[in-house]
Number of protein chains: 2
Amino acid sequence: MVVVSAAESVRRPRLQDVAAAAGVSPATASLVLRGSAGPSSVTRERVLDAAARLGYRPDRAASLLARRRSRLIGVLMDVRSTFHAQLVEDVHEAAEEHGYDLVLSTMTRTRDEGRAVETLLDSRCEALVLLGPEAPAARLGALDRQLPVVAVGRAVPSAGVDVVRAADDEGVALAVDHLVALGHRRITYVDGGPGAISAGRRRGYQRAMRRHRLGENLHVMPGDHGEESGARAARALLATDLPPTAVVAYNDRSAVGVLDTLLRSGVGVPGTVSVVGYDDSPLSRLAHVDLTTVSQESQQLMRHAVAAVVERLDGGRMEHREVVVPPRLVVRGTTGAPPDAELDDPRGGSRRGSVRSDHGLT
Amino acid sequence: MVVVSAAESVRRPRLQDVAAAAGVSPATASLVLRGSAGPSSVTRERVLDAAARLGYRPDRAASLLARRRSRLIGVLMDVRSTFHAQLVEDVHEAAEEHGYDLVLSTMTRTRDEGRAVETLLDSRCEALVLLGPEAPAARLGALDRQLPVVAVGRAVPSAGVDVVRAADDEGVALAVDHLVALGHRRITYVDGGPGAISAGRRRGYQRAMRRHRLGENLHVMPGDHGEESGARAARALLATDLPPTAVVAYNDRSAVGVLDTLLRSGVGVPGTVSVVGYDDSPLSRLAHVDLTTVSQESQQLMRHAVAAVVERLDGGRMEHREVVVPPRLVVRGTTGAPPDAELDDPRGGSRRGSVRSDHGLT
DNA sequence: CGTCACCATTAAAGCGCTTTAAGGACATCA
DNA sequence: TGATGTCCTTAAAGCGCTTTAATGGTGACG
């Protein structure tokens with residue numbers, strides 16, 4: 001007597017079973033199921049019928065093993081990041097258009113970037129898209145010698161890999177331009193801490209301010225990626241003699257920290273102080289946050305990333321490339337003319353000149 | 001002359017190469033690399049050496065195909081949900097302890113639950129852990145006939161699958177108890193819309209209120225999963241003659257909506273109104289939100305989920321089971337005694353009796 | 001010195017699918 | 001009728017690894 005374990009009580013049908021049911025060879029069945037030309041329409045139908053009747057689903061591992069190419073792109077992400085979530089969604093779409101499938105691998109407490117990447121390698125990925133990788137450039141370069149690697153978001157110095165990123169400096173410059181156009185002069189920047197992305201945005205702020213001849217108003221507050229750093233900066237700013245009329249933050253989370261502290265202290269936004277974030281994250285879109293921010297154009301970013309992969313895989317490109325996607329300012333409800341606009345700028349009263357999105361709350 | 005495509009310029013070493021380098025057969029090499037007993041320690045070392053020298057990494061597809069069991073658990077998730085992110089992290093840990101690996105599959109705009117599950121099926125998963133599945137119970141039951149299925153978070157009526165969920169009614173009851181102990185009487189609940197989870201929490205509120213003989217203060221406001229519904233409810237409440245002294249929301253996002261609206265309207269929290277959320281999401285832990293909430297104990301949830309899978313796979317359990325994990329109240333800074341505590345309750349002044357977490361901001 | 005038991009090692013048979021070259025069937029043409 | 005194609009279909013050889021039964025080589029034992 002054979003004891004069947006629960007796990008295998010129902011054996012799933014194999015290609016062979018379908019072929020038998022359709023009265024053809026496995027080879028023909030395979031051809032039909034993958035849509036290759038060859039089989040006649042009558043055979044075609046018989047196979048398709050049989051497959052449907054049996055509820056056949058091809059075994060991925062087997063087909064992966066047998067196929068010459070896997071058409072798999074490995075994506076490294078941090079499952080905790082909402083921005084990565086957005087990117088994953090868009091990379092899914094882009095990959096699909098090129099007939100590639102995705103393997104997701106995420107970092108966790110007990111699973112660092114290295115291990116996550118190894119999983120991808122072991123899964124027969126033909127190329128890797130790394131979202132905000134932190135590995136040293138040398139390691140990325142070494143990886144790229146094994147298979148095409150695209151780093152998203154981070155500018156990898158020696159360009160040993162393809163890079164797709166947003167023009168961070170331009171993004172912050174857009175924010176500054178917007179605020180200056182509204183009449184702001186005293187514009188403070190809340191920093192994002194160490195790191196290349198942070199440096200780019202900071203530089204963008206500094207250059208834009210100088211460009212507007214506001215060099216003497218340059219003011220960078222220390223900060224990091226989180227809400228709390230924004231809150232801290234806002235508290236510090238409120239304690240100042242002459243607080244700024246506008247704050248640009250490294251990212252949306254930091255900006256929300258600023259926003260929250262200001263509102264709790266009874267400071268009107270944008271009545272008294274305007275706030276701009278960065279990322280156009282779901283957070284910023286919440287009706288009750290309604291944050292003016294800078295969009296990284298996730299969809300475009302991922303389109304370029306997938307295009308880069310495809311070119312190297314299918315197009316034979318060998319050299320590396322860096323694509324810089326221009327960001328886009330998303331004006332929502334946290335920016336307006338400064339309270340003393342009448343004094344600083346003859347153009348006008350509160351809120352005049354403010355271009356609002358259609359959210360209209362706040 | 002052979003033109004080598006960029007994709008395959010460096011062929012990765014196979015088991016055979018390692019075996020050859022170590023001067024043994026592939027069989028031995030396989031045995032060593034998987035740590036099976038048999039090979040002598042000297043052989044062992046030679047193989048391990050060779051593998052390291054060649055940078056060998058086993059091909060997952062091949063080993064999956066050859067192995068009798070895949071030891072793979074498929075996890076269906078929504079990459080946009082921060083709570084799922086937490087769950088994934090914890091399920092990773094739990095699975096690892098039992099020697100199982102994970103395959104993640106997420107839904108996106110263009111990829112519904114059904115397709116995401118199919119991917120998992122095709123990947124040779126031995127069991128499925130579905131985070132907050134929305135498929136009809138019948139479909140889940142059908143799936144379970146193919147392989148063990150655990151639904152997390154959602155109570156599936158006819159119990160055609162294993163279920164692991166938090167005791168939602170108890171959770172809300174904890175929140176109500178806490179508020180009543182602080183002296184609150186007029187406690188309003190902001191609903192989460194249709195759905196089983198929402199119903200459970202609503203029921204928990206109603207029962208707890210009646211238990212405290214506060215049946216006449218029962219007040220359920222309509223709402224859903226998002227921040228905006230909380231904000232809406234708060235605005236409505238503020239327009240009331242006699243606003244409640246405490247609000248319990250369906251989830252943290254809704255609670256944050258409430259919180260935000262109250263603060264912007266100059267209503268003190270918890271001075272004038274206390275607010276309680278649900279989920280203990282990262283959102284609630286933010287220092288500037290510091291929300292009293294109910295934790296679903298993600299780690300325990302996932303431990304049970306994996307245990308359920310393992311029991312059915314390796315333990316031969318056949319019948320279905322439902323595990324209900326008791327939730328835990330996390331007291332932070334948004335709850336305190338009601339403003340009129342002196343009148344309602346002789347026990348005391350504002351804030352007395354409030355047990356705070358060590359966040360201490362607000 | 002032959003026999004047995006035992007150990008480390010390996011040959012070989014797949015896992016389920018893809019792919020290519022070879023095979024058959026039939027129609028067309030000389 | 002035989003030669004020449006044109007289509008369809010299929011046999012067979014893997015993909016890279018796991019696993020089991022079998023191999024050969026020990027030393028112990030009678």
Side-chain angles (χ1 to χ4, degrees), chain A residues 7-8 10-48 50-51 54-72 99 101 121-126, chain B residues 7-8 10-48 50-51 54-72 99 101 121-126:
Chain A
E8 38 189 346
V10 194
R11 245 176 51 71
R12 49 191 280 179
R14 291 162 309 162
L15 181 63
Q16 208 184 98
D17 303 325
V18 175
V24 300
S25 74
T28 304
S30 174
L31 257 16
V32 170
L33 289 173
R34 243 157 340 83
S36 313
S40 64
S41 57
V42 41
T43 318
R44 205 163 214 88
E45 190 149 337
R46 291 233 315 266
V47 172
L48 258 19
L54 298 181
Y56 173 76
R57 316 224 74 234
D59 182 312
R60 229 149 167 259
S63 107
L64 221 58
L65 185 58
R67 225 193 321 252
R68 283 318 178 78
R69 302 215 17 206
S70 70
R71 300 200 77 85
L72 243 34
D101 213 339
L121 256 24
D122 297 348
S123 303
R124 296 199 151 215
C125 293
E126 295 183 3
Chain B
E8 40 188 345
V10 194
R11 242 176 52 73
R12 50 191 278 180
R14 291 162 308 161
L15 182 62
Q16 208 184 98
D17 303 324
V18 175
V24 298
S25 72
T28 304
S30 174
L31 258 15
V32 170
L33 289 172
R34 243 158 339 85
S36 313
S40 65
S41 57
V42 41
T43 318
R44 202 161 219 90
E45 189 148 337
R46 292 229 319 261
V47 171
L48 258 20
L54 298 182
Y56 172 75
R57 317 224 75 234
D59 183 311
R60 236 154 161 255
S63 100
L64 222 59
L65 184 57
R67 229 196 314 256
R68 283 314 179 77
R69 303 214 16 208
S70 70
R71 299 200 75 84
L72 243 35
D101 213 340
L121 256 25
D122 296 348
S123 303
R124 296 201 151 214
C125 292
E126 296 184 3

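Convention: sequence-line order gives letters A, B, ...; per-chain numbering from 1.
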Using 4.0 Å as the upper bound for N to carboxylate O, is an ion pair formed by B:Arg69 and B:Glu126?
yes
Contacts of B:Arg67 meeting side-chain hydrogen bond (donor to acceptor under 3.5 Å, both in side chains) (sequence neighbours excluded), chain-then-number -> B:Ser63
Does this structure show an ion pair linking A:Arg124 with B:Asp59, if we count only N-O contacts that are shorter than 4.0 Å?
yes
Atom CZ of A:Arg69 and atom C1' of C:dT19 are separated, to the nearest Å, by 15 Å
A correct 5'-to-3' footprint of nucleotides 8-18 of chain C, with B, S and - meaning base, sugar-phosphate only and no protein heavy atom under 4.0 Å, is SSBB--BBBBB
All heavy atoms of B:Leu54 vs all of B:Pro13, minimum pair found to be O-CG, 3.4 Å
Nearest heavy-atom contact between A:Val24 and A:Arg46 is CG1-NH2, 4.2 Å
